[in-house]
Number of protein chains: 2
Amino acid sequence: MPRKTYHHGNLKNALIQAGIAILAEEGLGGLSLRKAARRAGVSHAAPYAHFADKQNLIAAIASDGHKKILERFETIRVKYPDNPLRQLAAGAWAYVKFGLQAPDHYRITFSGVIQDEHSHAEFIEYSQRNMQVLREIIAQCRSAGVLDADGVDSELQAVSIWGLLHGLTLLMIQKQLPSQLIKTCPPKDIVLSALQQMARISINKRMLD
Amino acid sequence: MPRKTYHHGNLKNALIQAGIAILAEEGLGGLSLRKAARRAGVSHAAPYAHFADKQNLIAAIASDGHKKILERFETIRVKYPDNPLRQLAAGAWAYVKFGLQAPDHYRITFSGVIQDEHSHAEFIEYSQRNMQVLREIIAQCRSAGVLDADGVDSELQAVSIWGLLHGLTLLMIQKQLPSQLIKTCPPKDIVLSALQQMARISINKRMLD
DNA sequence: CTCCAAATCTAGACAATGTAAAGATTGTAG
DNA sequence: CTACAATCTTTACATTGTCTAGATTTGGAG
């Protein structure tokens with residue numbers, strides 16, 4: 001069905017949503033500017049009024065991924081305001097869960113399309129805020145004495161935990177973990193165990209929710 | 001310069017090497033079947049005698065990545081035959097270093113192109129052997145008492161360490177770690193710290209080599 | 001050695017894609 | 001109301017993945 005108005009009205013956002021939908025239905029390989037334009041009901045060159053090139057659409061989709069992760073973090077922080085350890089546990093699981101629920105959206109979010117520090121300001125912004133949230137949670141855990149400092153710089157601790165979660169998420173998404181393990185051990189248990197090994201914290205499965 | 005013989009002689013391998021070279025020079029986005037064919041000095045359809053489609057060339061390149069990582073592991077194992085802890089430390093760093101030296105080769109190796117378990121037998125083979133090596137090193141560390149078992153299933157321990165290294169490698173490759181940290185802390189220190197946090201092992205920087 | 005089938009390579013074609021250019025339509029600031 | 005800027009369409013072109021038909025070469029059966 002063709003549009004009534006010549007102008008779409010909200011094309012930029014429609015293209016981002018179309019892109020996310022394509023990722024969900026057809027995966028990374030199915031994403032194209034023209035297909036997104038078709039879904040939004042505009043001509044194949046219309047996107048160029050809003051995105052300089054395909055990379056910029058991808059950057060916008062990646063920003064949206066970071067934003068969604070950030071929202072989940074914020075939700076958890078207000079849910080357990082005075083329990084930083086639970087924030088850490090639940091936040092970690094929420095992060096991984098986003099990856100499992102929207103695998104290709106997650107992958108594109110961390111696909112490393114953004115090299116230039118100056119372009120894609122929104123992406124940089126959200127990405128840094130996510131890192132900042134993790135830093136804060138870890139700082140609070142340390143202050144509360146529920147997370148070992150152990151002479152480890154807290155920045156290095158944050159980066160290590162993030163790296164761990166990121167790596168496991170990708171390996172799970174891409175089915176690269178030993179099939180033996182996958183059959184006997186649900187993702188949640190893998191994350192729980194990994195977190196305990198890394199941070200030596202006393203958490204249980206319930207605290208991931 | 002055109003070939004002398006009608007038949008290339010070793011086209012399959014030449015295409016793989018061409019692909020790896022393209023990855024090094026132009027990155028993931030620059031890789032195309034036709035470009036690889038051009039480099040090998042054959043027509044654009046010649047690759048189809050050796051690879052059913054582009055995915056199969058990618059799978060072959062990914063297999064090569066796994067093979068190179070495996071070779072590094074083996075080298076380290078014969079270098080420190082009776083020091084499993086050092087095998088773990090040096091192996092971990094060798095893994096990350098491969099990612100830093102050949103970022104896009106590393107990325108394509110773990111890009112998750114292989115979904116079907118039955119196709120791409122070579123990839124599955126190498127991938128499993130890499131996992132097996134890590135398992136063995138960890139088992140030896142445990143037996144030698146230089147790595148805490150701590151009630152953690154050894155498969156989960158292996159997967160966690162792998163996830164950690166994989167995640168950190170990607171974040172470093174894609175420059176997604178806080179720029180503040182990058183400026184003050186070389187990759188080697190990041191890996192060393194992460195390993196110590198995860199496995200609570202007593203290793204120093206020298207042992208990574 | 002001969003000859004044929006299989007393996008390998010070329011040439012040509014097609015659809016999909018990213019993207020540039022030129023022009024049409026619409027919203028809006030003055 | 002009008003001129004300008006933003007938005008959108010149409011047309012066009014190069015690149016790419018992949019298919020088909022045919023040419024060349026190789027290896028092995030007889």
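Since we're looking at a predicted model, the values are computed, not measured. Naming: A, B, ... by sequence-line order, numbering from 1 per chain.
- Rounded to whole Å, the distance from CD on Gln55(A) to P on dT17(C) is 17 Å.
- The distance between atom CZ of Arg34(B) and atom P of dT17(C), rounded to the nearest whole Å, is 16 Å.
- Remark: P of dT7(D) and CG of Asn13(A) are 14 Å apart, rounded to the nearest angstrom.
- Distance, Lys35(A) NZ to dA15(C) P: 17 Å, rounded to whole Å.
- Comparing Asn10(B) and Asp53(A) by the nucleotide of DNA chain C that holds the closest heavy atom to each, the one mapping nearer the 5' end is Asn10(B).
- Residues Lys79(A) and Asp209(A) are not paired through a salt bridge, judged by the lack of any N-O separation under 4.0 Å between the basic side chain and the carboxylate.
- Of the inter-residue distances, the one linking Met198(A) atom CE with Leu147(A) atom CG reads 11.0 Å to the nearest 0.5 angstrom.
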Requested in this report: Check the pair Gln157(A), Arg135(A) against side chain to side chain donor-acceptor pair (under 3.5 Å), reporting the backbone distance first and the verdict last.
Outcome: CA-CA 9 Å; Gln157(A) 195 169 31; Arg135(A) 254 191 292 261; over 6 Å; no
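- When the C1' atom of dT17(C) is taken as reference, atom CG of Leu33(A) falls 9 Å away, rounded to whole Å.
- Leu134(A) CG to Glu155(A) CD: the interatomic distance, rounded to the nearest 0.5 Å, is 9.0 Å.
- Residue pairs meeting the side-chain hydrogen bond (donor to acceptor under 3.5 Å, both in side chains) criterion with at least one member in residues 89-111 of chain B, sequence neighbours excluded, are Arg72(B)-Gln101(B), Tyr95(B)-Tyr106(B), Tyr95(B)-Trp162(B), Asp104(B)-Arg107(B), Tyr106(B)-His166(B), Arg107(B)-Gln174(B).
- A salt bridge links Arg77(B) with Glu136(B): the closest approach of a Lys/Arg side-chain nitrogen to an acidic carboxylate oxygen falls below 4.0 angstrom.
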What does the list of N/O pairs under 3.5 Å between the protein and nucleotides 23-29 of chain C look like, with a distance for each?
{"from": "dA24(C)", "atom 1": "N3", "to": "Tyr6(A)", "atom 2": "OH", "distance (Å)": "3.1"}

In residues 49-61 of chain B, what donor-acceptor pairs under 3.5 Å come from side-chain atoms, sequence neighbours left out?
{"from": "Asp53(B)", "atom 1": "OD1", "to": "Gln55(B)", "atom 2": "N", "distance (Å)": "3.3"}
{"from": "Asp53(B)", "atom 1": "OD1", "to": "Asn56(B)", "atom 2": "N", "distance (Å)": "3.1"}
{"from": "Lys54(B)", "atom 1": "NZ", "to": "Leu31(B)", "atom 2": "O", "distance (Å)": "3.2"}

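- Proximity of His50(A) to the phosphate of dC8(D): a side-chain N or O atom is located under 4.0 Å from OP1 or OP2.
- With values rounded to the nearest 0.5 angstrom, Ser43(A) atom OG is found 9.5 Å from Arg34(A) atom CZ.
- With sequence neighbours left out, the side-chain contact (heavy atoms from CB on, under 4.5 Å) criterion links Tyr48(B) to Leu33(B).
- Using a 4.0 Å cut-off, some side-chain N or O of Arg38(A) falls inside it from OP1 or OP2 of dT17(C).
- Of the residues in residues 15-31 of chain A, not one comes within less than 4.0 Å of DNA chain C through any heavy atom.
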* What do the steps show when you test Thr184(A) against Gln180(A) for side chain to side chain donor-acceptor pair (under 3.5 Å), and what is the final call? -> CA-CA 7 Å; Thr184(A) 64; Gln180(A) 173 99 29; over 6 Å; no
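- Rounded to whole Å, the distance from NZ on Lys54(B) to C1' on dT17(C) is 12 Å.
- Environment of CD in Glu25(B): crowded, with over 12 heavy atoms of neighbouring residues, nucleotides or ligands closer than 6.0 Å.
- Nearest nucleotide to the side chain of Ser32(A), out of dT8(C), dG18(C), dT19(C): dG18(C).
- Near DNA chain D, defined here as any heavy-atom distance below 4.0 Å, the residues from residues 42-49 of chain B are His44(B), Ala45(B), Tyr48(B), listed numerically.
- Here dG18(C) presents its C1' atom at 11 Å from CD1 of Ile58(A), a figure rounded to the nearest Å.
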